[in-house]
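Only a predicted model underlies this, so the values are computations on that prediction, with no experimental measurement involved.
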Amino acid sequence: MSEMAGRTGDALRETVRDLVARQLPDAVGGDLSPDLPLREAGLSSLGMVATLVAIESEFGVSLPDDLITPETFHSLRTLATALAPVVEAQTGATGRARAEDAVS
């Protein structure tokens, strides 16, 4: 799991922004606001899939099927908001597992 998996809040949002920006034309990628519709910014369906793969790899999580929707990928804000509880749940479960391993 990536060291990013334990980060939330601003660090999570900034990482999501960077991962999305890699899928956009250079002219738009550096100028993303949190509420800019990603489709309008040039994020294609293929770009969404590439972003999903990059996010899952970077954070060491697997997004549930019910979050893999156009609504989730509407903007940086909607994507980070959907991702935050998944990352927190994963890191919480990982932390408990490590604590249990240390006791045995």
Side-chain angles (χ1 to χ4, degrees):
M1 184 179 322
S2 166
E3 66 186 48
M4 287 300 302
R7 297 189 187 177
T8 57
D10 290 340
L12 181 140
R13 286 186 291 276
E14 191 61 29
T15 300
V16 168
R17 187 192 123 6
D18 292 344
L19 294 172
V20 170
R22 292 179 196 165
Q23 303 304 320
L24 297 173
D26 290 337
V28 178
D31 225 7
L32 285 174
S33 69
D35 296 310
L36 176 69
L38 295 177
R39 279 278 205 207
E40 288 180 21
L43 189 66
S44 65
S45 297
L46 187 56
M48 285 183 197
V49 171
T51 300
L52 172 64
V53 170
I55 285 170
E56 290 184 337
S57 176
E58 182 69 26
F59 290 99
V61 299
S62 189
L63 261 68
D65 290 344
D66 62 327
L67 288 181
I68 303 173
T69 66
E71 293 78 19
T72 297
F73 286 83
H74 175 73
S75 68
L76 291 176
R77 187 179 311 278
T78 59
L79 186 53
T81 299
L83 182 60
V86 175
V87 171
E88 289 171 11
Q90 181 67 29
T91 54
T94 303
R96 282 192 297 278
R98 288 184 187 147
E100 290 169 4
D101 291 343
V103 173
S104 25

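Under a hydrophobic clustering in which Ile, Leu, Val, Met, Phe, Trp and Tyr are joined whenever their side-chain heavy atoms come within less than 4.5 Å, directly or via other members, Leu79 and Ile68 fall into the same cluster.
No side-chain heavy atom of Leu36 sits under 4.5 Å from any side-chain heavy atom of Leu76. Two residues are said to be in side-chain contact when any heavy atoms from C-beta on lie closer than 4.5 Å; Phe59 and Leu12 meet this criterion. Contact annotation: the side chain of Arg13 never approaches that of Pro34 to less than 4.5 Å [non-hydrogen atoms, C-beta and beyond]. At a threshold of 4.5 Å between non-hydrogen side-chain atoms, the residues Thr51 and Val53 do not count as touching. Between Glu58 and Thr15 there is a side-chain heavy-atom pair separated by less than 4.5 Å. Side chains of Met48 and Leu43 form a contact here, defined as non-hydrogen atoms less than 4.5 Å apart. Put simply, the side chain of Pro64 reaches to within 4.5 Å of the side chain of Val86, judged on heavy atoms.
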### Query
For Leu63 and Glu56, what are the C-alpha separation, side-chain angles and deciding distance, and is it a side-chain contact (heavy atoms from CB on, under 4.5 Å)?
CA-CA 7 Å; Leu63 261 68; Glu56 290 184 337; 3.7 Å; yes
#### Entry: Working for side-chain contact (heavy atoms from CB on, under 4.5 Å), residues Val20 and Phe73
CA-CA 10 Å; Val20 170; Phe73 286 83; over 6 Å; no
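Ser57 contributes no side-chain N or O that, together with a main-chain N or O of Ala54, makes up a donor-acceptor pair within less than 3.5 Å. Remark: the backbone N or O of Ala50 is not paired with any side-chain donor or acceptor of Gln23 at under 3.5 angstrom.
The side chain to side chain donor-acceptor pair (under 3.5 Å) search around Ser45 returns Arg39, not counting sequence neighbours. Arg77 is linked by a salt bridge (charged side-chain N to carboxylate O under 4.0 Å, His left out) to Asp35, counting only residues two or more places apart in sequence or in another chain. Residues forming a side chain to side chain donor-acceptor pair (under 3.5 Å) with Thr69 (at least two apart in sequence, or on another chain): Glu71, Thr72.
Taking CD1 of Ile55 as the start and OG of Ser62 as the end, the distance is 12.0 Å to the nearest 0.5 Å.
Atom CG of Asp66 has more than 12 heavy atoms from other residues, nucleotides or ligands within 6.0 Å.
Nearest heavy atom pair, residue Leu67 against residue Ala82, reads CD1-O, 3.6 Å.
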